[in-house]
2 protein chains.
Amino acid sequence: MDKLREQESIGRDISHLFRSIRNFMGRRLQPYGIGDAQFPFLMLLLHEDGISQERLATYLKCDRATSARSIARLEHAGYVRRLVDPEDRRAYKVFLTEQGQELGDVLWSVSKELNGILLEGFSDEEKLAFRKMIKRAGMNISKWEQIRKTADE
Amino acid sequence: MDKLREQESIGRDISHLFRSIRNFMGRRLQPYGIGDAQFPFLMLLLHEDGISQERLATYLKCDRATSARSIARLEHAGYVRRLVDPEDRRAYKVFLTEQGQELGDVLWSVSKELNGILLEGFSDEEKLAFRKMIKRAGMNISKWEQIRKTADE
DNA sequence: GCTTATTAGTTGCTTATGCAATTATTGCGC
DNA sequence: GCGCAATAATTGCATAAGCAACTAATAAGC
């Protein structure tokens, strides 16, 4: 397997990493009746309350449909409330409920725990470098997506 | 958003990166009638032919069910053939068909293209460091999964 | 002011993935 | 040799995610 392992792309390792992260988050959030996908939405709402599903989708770089379904699940679970925006009756304003705000501490601690696990043995410089490289790779491929989309038109 | 961005976990960036990679691979492989998930299976089979679904799952760090379904799709598309292992009639031996072997060049070129996009602007040292860190993080979280599994028993 | 384009949200379809339960086969203990 | 544990594969169920098509509301062009 050595020849393969040398030449293989990083895609597979990122895939493995991502699936493991989902698994971890799923297990940690299960007691609260939500899935791993709801985590980033809650984190964003903790920081900026009352924004639309569209803005949530944009910030989290996901599809509007994904945003809609994730918020719907959070609403059913009682963590958010949706109010029609009086300024634009197409859009909702998504607010955390009291229950949602109370979840904040748990979410931060789970987030820290995950970071601690992932970056165990990393020096501070390595942690920073790793974060930056992930962001750079993400920006690189975003650029490609942008080129593709404009080419489609 | 700055305060949030500083403190946020790397999980979100990895999620974005992973989804973008799936998107890219999905588009590149669509002309061949397969999805992004089939790519690592084909790559592994190009290197080691005639192994079982179980071994494929182990190498690719995924569930046996995922392996089974991915191989089934490859079989329907005509890229692999499954023969019952005469030494162990529970298991299959998965072989690439001629059509599957011919896909090799395409897969390598798609893989290289993805790497080129992701790592654009990275120096050789950075590329190597990035790969290593992704692997380290993956091993870190694998260790946690292992501890959890043994604790469940 | 009316038509058209854009935008926010929803829903159906498809793919991917993991877990649990089931079946079939192998192998171990005795 | 028999019964039971372990293993390979399959299937059902649940979650997640993107795309496309649709509705409803707003904005722009004229």
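Convention: sequence-line order gives letters A, B, ...; per-chain numbering from 1.
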Listed nucleotide nearest any side-chain atom of B:Glu54, set C:dT15, D:dA8, D:dG18: D:dA8
Under a 3.5 Å distance rule, please check whether B:Tyr79 uses its side chain to pair with a backbone N or O of B:Glu98 as donor and acceptor. no
So, is A:Arg55 close to the C:dA8 phosphate, meaning a side-chain N or O under 4.0 Å from OP1 or OP2? no
Closest of C:dT10, D:dC19, C:dC19 to the B:Asp63 side chain is C:dC19
Within this structure, what is the CG-to-C1' distance between A:Leu29 and C:dG18, rounded to whole angstrom? 16 Å
Provide, to the nearest angstrom, the distance between the CD atom belonging to A:Gln30 and the P atom belonging to D:dA16. 11 Å
Under 4.0 Å between a side-chain N/O of B:Arg27 and OP1 or OP2 of D:dG18, yes or no? no
Just call it for A:Asp88: base, sugar-phosphate, or nothing, with non-hydrogen atoms closer than 4.0 Å on any strand. sugar-phosphate
Indicate whether OP1 or OP2 belonging to D:dA24 is found under 4.0 Å from a side-chain N or O atom of A:Arg89. no
What's the CZ-P distance between B:Arg148 and C:dC19, to the nearest Å? 7 Å
Please state whether the base of C:dG9 and the side chain of A:Arg90 form at least one donor-acceptor pair under 3.5 Å? no
NA contact type, B:Arg82, heavy-atom cut-off 4.0 Å: base, sugar-phosphate, or nothing? sugar-phosphate
For A:Gln38, which contact category applies under a 4.0 Å heavy-atom criterion: base, sugar-phosphate, or nothing? sugar-phosphate
Taking atom types as modelled and ignoring hydrogens, do the side chains of A:Gln38 and A:Ser70 form a donor-acceptor contact shorter than 3.5 angstrom? yes
To the nearest angstrom, how far is A:Tyr32 atom OH from D:dT15 atom C1'? 20 Å
Calculate the interatomic distance between B:Arg28 atom CZ and C:dT15 atom P; express it in whole Å. 20 Å
Can you identify which nucleotide, out of D:dT15, C:dG18, C:dT10, has its nearest atom closest to the B:Cys62 side chain? C:dG18
Do B:His76 side-chain atoms and B:Ala72 backbone N/O form a donor-acceptor pair below 3.5 Å? yes
Give me the ring orientation class for A:Trp144 and B:Phe24: parallel if the planes are under 30° apart, tilted from 30 to 60°, perpendicular past 60°. perpendicular
What's A:Arg69 touching, base or sugar-phosphate or nothing? Going by heavy atoms closer than 4.0 Å. base
Please check this pair: side chain of A:Arg22 against backbone of A:Leu17, looking for a donor-acceptor N/O pair closer than 3.5 Å. no
Could you state the NZ-P distance from A:Lys61 to D:dA17, rounded to the nearest angstrom? 14 Å
If only side-chain N and O atoms of B:Thr66 are considered, is one of them under 4.0 Å from the OP1 or OP2 phosphate oxygen of C:dG18? yes
Does D:dT10 have OP1 or OP2 under 4.0 Å away from a side-chain N or O of B:Gln53? yes
Less than 4.0 angstrom between a side-chain N/O of A:Asn23 and OP1 or OP2 of C:dC19, yes or no? yes
What about B:Ile14 and A:Leu128, same hydrophobic cluster or not, with Ile/Leu/Val/Met/Phe/Trp/Tyr joined at side-chain heavy-atom distances under 4.5 Å? no
Which of the following nucleotides, C:dT15, D:dA9, D:dA16, is nearest to the side chain of A:Arg22? D:dA16
Just to be sure I understand the rule, does A:Asp85 reach a base, reach only the sugar-phosphate, or reach nothing, if contact means heavy atoms closer than 4.0 Å? nothing
In terms of side-chain heavy atoms, does A:Asn23 have a donor or acceptor partner in A:Arg27 at a distance below 3.5 Å? yes
Which part of the nucleic acid does A:Arg64 contact within heavy-atom distance under 4.0 Å: base, sugar-phosphate only, or nothing? base
Residue met sooner reading DNA chain D from 5', once A:Ala65 and B:Lys93 are mapped to nucleotides: B:Lys93
Taking atom C1' of C:dG18 as reference, at what distance in whole Å does atom CZ of B:Phe18 sit? 13 Å
Determine the contact category for A:Ala91: base if any of its heavy atoms lies under 4.0 Å from a base atom, sugar-phosphate if only primed atoms, P, OP1 or OP2 are that close, otherwise nothing. sugar-phosphate
Between A:Ile71 (CD1) and C:dG9 (P), how many Å, whole number? 10 Å
